[in-house]
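Since the structure comes first, as structure tokens, the remarks are kept for the end.
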Amino acid sequence: NGRGTMMKIALLSLLVDRCWAFTASPWRHQGSQPPRRVSSYIEDDGYSVGIKPNKRTRVLRTLQPKWWKRRKKPGSLILVRHGESLWNANSTFTGWADPDLSRRGERENEHAARLLLAAGYEIDIAYTSRLTRAIKSTWIILREIGQIYRPVFKSWRLNERFYGALTGLSKPGLAIELGEERVQNWRHGLKDRPPPMSPNHSYWPGRERRYRDLPSVPASESLEDT
């Protein structure tokens, strides 16, 4: 009847007013008193570690719809090195050169995929370099875990560091010729940049179609450069 309808409207109006009071200004009915602080522990990165709810917090949680309570958890970043390449197998400086995977490298990727399956990971998106060994490693892993349809983005910024004029040379042979300390500094030193590669070098990447969108390619890179 009319009286019952009016009572429902009045009750709904009161409930809405209370909701607005809790969310917009929890202390509006308390004169000039400042709001009480909620005891909480917040990490520096902004993620809430834990909150001790007071009475108002508990009331607000009961009024929130279920979809509001769901929070999307941050995903996992999985880093996988490419499988062994043909040049890795014979200890050759590789850099931006593009040798294919060895058979052992293919098996390494298959094993990595089995580990991901055992851990229960599902891939949303994959990022890789523009080098064949890395692209094929991505394909093998996605194929083995049954997620070959996932998007894959390729970027030159994920390429191996560019070894310059050392590309294609034997690591053990160069250590004998120039000394192991010099070669290890080029390989592992933060600021030690290998000799630059000239544009007429047989492995100069500037002639390759895959890098045509770059304004220039590096002649050499140290670990700090990458």
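One is the number of the first residue; the rest follow in order along the sequence. Keep in mind that what you see is a predicted model, and the values were worked out from it rather than measured.
- Heavy-atom neighbours of R143 CZ from other residues, nucleotides or ligands within 6.0 Å: above the threshold of 12.
- A side-chain donor-acceptor contact under 3.5 Å links D98 to the backbone of T132.
- Within the 4.5 Å cutoff, side-chain heavy atoms of R133 are placed close to those of T94.
- Following chains of ILVMFWY side-chain contacts shorter than 4.5 Å, one cannot reach I148 starting from L101, and the two form parts of different hydrophobic clusters.
- Between the CG atom of N109 and the NE2 atom of H82 there is a distance of 9.5 Å, given to the nearest 0.5 Å.
- Summarising the local packing, OH of Y121 is surrounded by 12 or fewer heavy atoms from other residues, nucleotides or ligands at distances under 6.0 Å.
- For the atom pair NZ of K136 and OG of S85, the computed distance is 12.0 Å after rounding to the nearest 0.5 Å.
- By the 4.5 Å heavy-atom criterion applied to side chains, R187 and F93 are counted as neighbours.
- Under a hydrophobic-cluster definition in which Ile, Leu, Val, Met, Phe, Trp and Tyr are linked whenever side-chain heavy atoms come within less than 4.5 Å, directly or via other members, W156 and L131 are assigned to the same cluster.
- Y127 and V80 fall into different hydrophobic clusters, defined by Ile, Leu, Val, Met, Phe, Trp and Tyr side-chain heavy atoms under 4.5 Å apart, directly or through other members.
- Two residues are said to be in side-chain contact when any heavy atoms from C-beta on lie closer than 4.5 Å; W139 and T128 fail this criterion.
- Cluster membership check: L142 shares its hydrophobic cluster with L117, using side-chain heavy-atom separations under 4.5 Å among Ile, Leu, Val, Met, Phe, Trp and Tyr.
- The side chain to side chain contact (heavy atoms under 4.5 Å, CB included) check on P151 picks up I125, F153, with sequence neighbours excluded.
- Within the 3.5 Å criterion, the main-chain N or O of I123 finds a donor-acceptor partner in the side chain of Q147.
- Here the two rings, on Y203 and W87, have centers that are under 6.0 Å apart.
- Looking at H111 and E108, their side chains never come closer than 4.5 Å, going by heavy atoms from C-beta outward.
- Linking Ile, Leu, Val, Met, Phe, Trp and Tyr whenever their side-chain heavy atoms come within less than 4.5 Å leaves L115 and I140 in two separate clusters.
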Give the table of side-chain donor-acceptor pairs shorter than 3.5 Å for residues 217-226, with sequence neighbours excluded, one pair per line with atom names and distance.
from	atom 1	to	atom 2	distance (Å)
S220	OG	P194	O	2.7
E221	OE1	F162	N	2.8
S222	OG	L190	O	3.4
S222	OG	E224	N	3.4
S222	OG	D225	N	3.3
S222	OG	D225	OD2	3.2
E224	OE1	K191	NZ	3.3
E224	OE2	K191	NZ	2.8
D225	OD1	R193	NH2	3.1
D225	OD2	R193	NE	3.0
D225	OD2	R193	NH2	3.0
D225	OD2	S222	N	2.8
T226	OG1	L223	O	2.9

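- Interatomic distance, L166 CG to L174 CG, rounded to the nearest 0.5 Å: 6.0 Å.
- Counted within 6.0 Å of CD on E122, heavy atoms from surrounding residues, nucleotides or ligands total 12 or fewer; the atom is thus considered open.
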